[in-house]
Amino acid sequence: MVPPGSREALSKPPRTPSTGFGESTLGEVAQGDPVRLPDLATVFSKRAERLQALAEGHELEGFLRMIAALVAAQDAALRDLPPGSLPGAAEIAKGKLVGRAPLDPSAWRRDGSWRAALAHILAGIDRGKLPEAAETARAALERTGEADLEVLADRFLEGNVSPQEAAVAVFVAAALQVAWTRMAALLDLADLGVGPGKEVEADTGICPACGSPPVAGMIAPGGTKFGHRHLHCSLCATSWRYVRVRCVHCGSTDKISFRNLAGTSFLRAECCEACLGYSKVFYLESAKALEPLADDLGSLGLDLLVGEEGFARVPNPFVLGVMTTGEAESL
Ligand code: FE
Ligand code: FE
């Protein structure tokens, strides 16, 4: 079931020119865009490109190159994904009644698209970029049956990944991202309560499309005004506007303070004394090639710093099970 008017989304040319993360549309972003659905033509390819650039000389070079290979495999899997289904209008309406995002994984039973994506990723990824533990996990997943894969997906979506499952969870996360990103791209903004003429200020720290937490926030240059912050979904790559200097976890605007690493003016951690949560904020004015998920992984050092001070966040999906409360030592 695909909402009217969105069937052609998969075959549309890129909505933005190939300039990466939004430089060409900053004026537009600064003015508004309460919600931006993912652009399937570029979302994974630009992310892979950014990961490769970040990997060069990075202390986590091997890890970043592995994730770059994984994201490149996601891009290929997306292009070969068989037709899937979306929640129907009735299911979306029902979800709205209880305040759920239309693609909330806990509100609606997913179809097998993600498993098709997983099979494609496992077969297609550049195995030369995988360390031994990742290759062992890849091979094990290829032998795993449908029912067990569904259990793994449920556990990942519930954020319930043990350190022993971390290597497997990376592949499961990647496949679920492919399926959810496609679904999000096929939504109509009207399903999210936004559209032409409606000025909705998103006031939630979770994704309006799928209910997942963000990986990071991006602040666009605002010209003479303050730029808006957009949070970026960890699962479906939708982004939505969120007030600046406000805790993403509890909504508090009180007792917010910032931390940054020496020499990184384009990135700060917004820390909340009220709930001890934090989130990363990237400033596009200072560094234009940023990509939220890639740059989150490229700046795990900041997570260590604020983790040591006792602040916590929902980890990036690719370090779930490794980093639980800001601990990334074992990467
Ligand atoms: Fe989402
Ligand atoms: Fe808070």
Side-chain angles (χ1 to χ4, degrees), residues 9 33-40 43-44 47 74 78 84 86-87 92 95-96 99-108 110 113-114 117 153 156-159 173-189 191-194 202-218 229-259 268-281 292-293 296 306-307 309-318 320 325-326:
D33 265 359
V35 178
R36 300 172 75 200
L37 297 172
D39 181 351
L40 295 181
V43 59
F44 292 114
R47 186 174 291 168
Q74 286 181 297
L78 178 67
L86 278 172
I92 289 176
K96 270 186 190 152
R100 279 179 169 158
L103 303 178
D104 186 328
S106 65
W108 166 75
R110 61 182 173 267
S113 300
W114 83 274
F156 170 78
L157 291 169
E158 289 159 8
L176 290 166
Q177 280 181 340
V178 171
W180 253 266
T181 300
R182 180 176 69 168
M183 286 194 285
L186 293 173
L187 286 178
D188 281 347
L189 285 174
D191 295 330
L192 309 174
V194 293
D203 61 353
T204 170
I206 59 166
C207 173
C210 79
S212 299
V215 274
M218 294 268 172
R229 165 162 65 173
H230 276 73
L231 301 178
H232 290 258
C233 180
S234 54
L235 182 64
C236 78
T238 293
S239 65
W240 66 101
R241 203 165 64 197
Y242 191 74
V243 178
R244 288 173 66 162
V245 198
R246 181 183 183 194
C247 177
V248 162
H249 306 279
C250 75
S252 173
T253 52
D254 227 15
K255 296 182 183 166
I256 301 289
S257 56
F258 291 90
R259 312 281 185 280
R268 293 197 295 177
E270 185 184 271
C271 301
C272 171
E273 306 284 347
C275 73
L276 294 181
Y278 76 94
S279 64
K280 284 181 186 166
V281 186
L293 185 141
D296 181 29
V306 295
E309 284 192 52
F311 294 102
R313 60 171 279 196
V314 180
N316 186 296
F318 292 144
L320 199 61
T325 53

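Note that ligands are numbered from 1 as they come in the structure, with each ligand's atoms numbered from 1 the same way.
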At the Fe ion (ligand 2): angle between Cys275 atom SG and Cys247 atom SG, to 10 degrees: 110°
Of the non-hydrogen atoms in Gly211 and Ile206, which two are nearest, and what is the gap between them? O-CB, 3.8 Å
Exam field: side chain Ser234 to backbone Pro213, donor-acceptor pair closer than 3.5 Å: yes
Apex the Fe ion (ligand 1); atoms Cys207 SG and Cys210 SG; angle rounded to 10 degrees: 120°
When you measure from the side chain of Arg36 to the backbone of His230, do you find a donor-acceptor pair of N or O atoms at a distance under 3.5 Å? no
Nearest heavy-atom contact between Cys272 and Phe311 is O-CE2, 3.5 Å
Where the Fe ion (ligand 2) is the centre, what is the SG-to-SG angle for Cys272 and Cys250, rounded to 10°? 110°
